[in-house]
Amino acid sequence: KSENADNAQFWIGETYFNEKWYEKAILEYQTVIEKFPKGNKAPAAMLKQGYAFIQLNDKANARLILKEIEKKYPKSNEAKIAAEKLKEL
């Protein structure tokens with residue numbers, strides 16, 4: 001419930017991602033997106049979800065997530081990164 005709760009939740013996802021536990025990372029990032037949709041970590045959580053799906057070789061879900069970032073956060077740095085990553089898929 002602290003003002004840094006979204007950041008803490010995001011970093012839990014990052015820990016799982018770095019340990020290659022991509023399914024768990026996706027779930028932790030989803031918590032950030034659902035609980036803190038207006039927080040500063042929501043776009044980054046979506047981007048990292050997309051990357052986790054790529055690591056799981058699930059390009060269909062990765063594309064959906066990356067396109068959603070462009071719709072929800074069009075002016076963010078994450079949207080630019082997502083657009084570049086979509087070109088690679």
Per the side chain to side chain donor-acceptor pair (under 3.5 Å) rule, what does the pair list look like for residues 34-47, sequence neighbours excluded? Q30-E34
Those residues that, when tested against [X], pass side-chain hydrogen bond (donor to acceptor under 3.5 Å, both in side chains) (two or more places apart):
X   : value
E19 : none
K87 : E84
N77 : none

Polar side-chain atom of D58 near backbone of N61 as donor-acceptor pair, under 3.5 Å: yes
Gap between atom CG of L27 and atom CD of Q49 - 0.5 Å precision: 8.5 Å
Residues in salt bridge (charged side-chain N to carboxylate O under 4.0 Å, His left out) contact with [X], at least two apart in sequence or another chain:
X   : result
K75 : none
K85 : E88
E14 : K48
E3  : none

Residues K20, Q55; criterion side-chain contact (heavy atoms from CB on, under 4.5 Å); working and verdict: CA-CA 9 Å; K20 298 183 179 14; Q55 293 299 319; over 6 Å; no
Mind listing the closest non-hydrogen atom pair of [X] and [Y] along with its distance?
X   : Y   : result
G39 : P43 : O-CD, 3.9 Å
P37 : A42 : O-CB, 3.6 Å
A79 : P74 : CB-O, 3.7 Å
A62 : G50 : CB-O, 3.6 Å

In the hydrophobic clustering that connects Ile, Leu, Val, Met, Phe, Trp and Tyr at side-chain heavy-atom distances below 4.5 Å, which members other than F53 occupy its cluster, ordered by chain and number?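 F10, W11, F17, Y22, I26, Y29, V32, I33, M46, L47, Y51, I54, L56, I65, L66, I69, Y73, I81, L86, L89, all in the cluster of F53.
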Starting from I12, walk the hydrophobic network (Ile, Leu, Val, Met, Phe, Trp, Tyr; side-chain heavy atoms closer than 4.5 Å) and list everyone else you reach, by chain and number.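 Noted: I12 shares its cluster with Y16, W21.
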Please list all pairs meeting salt bridge (Lys or Arg N to Asp or Glu O under 4.0 Å) that have one or both residues in residues 63-74, counting only residues at least two apart or in different chains.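 Pairs touching residues 63-74 that pass the test: none.
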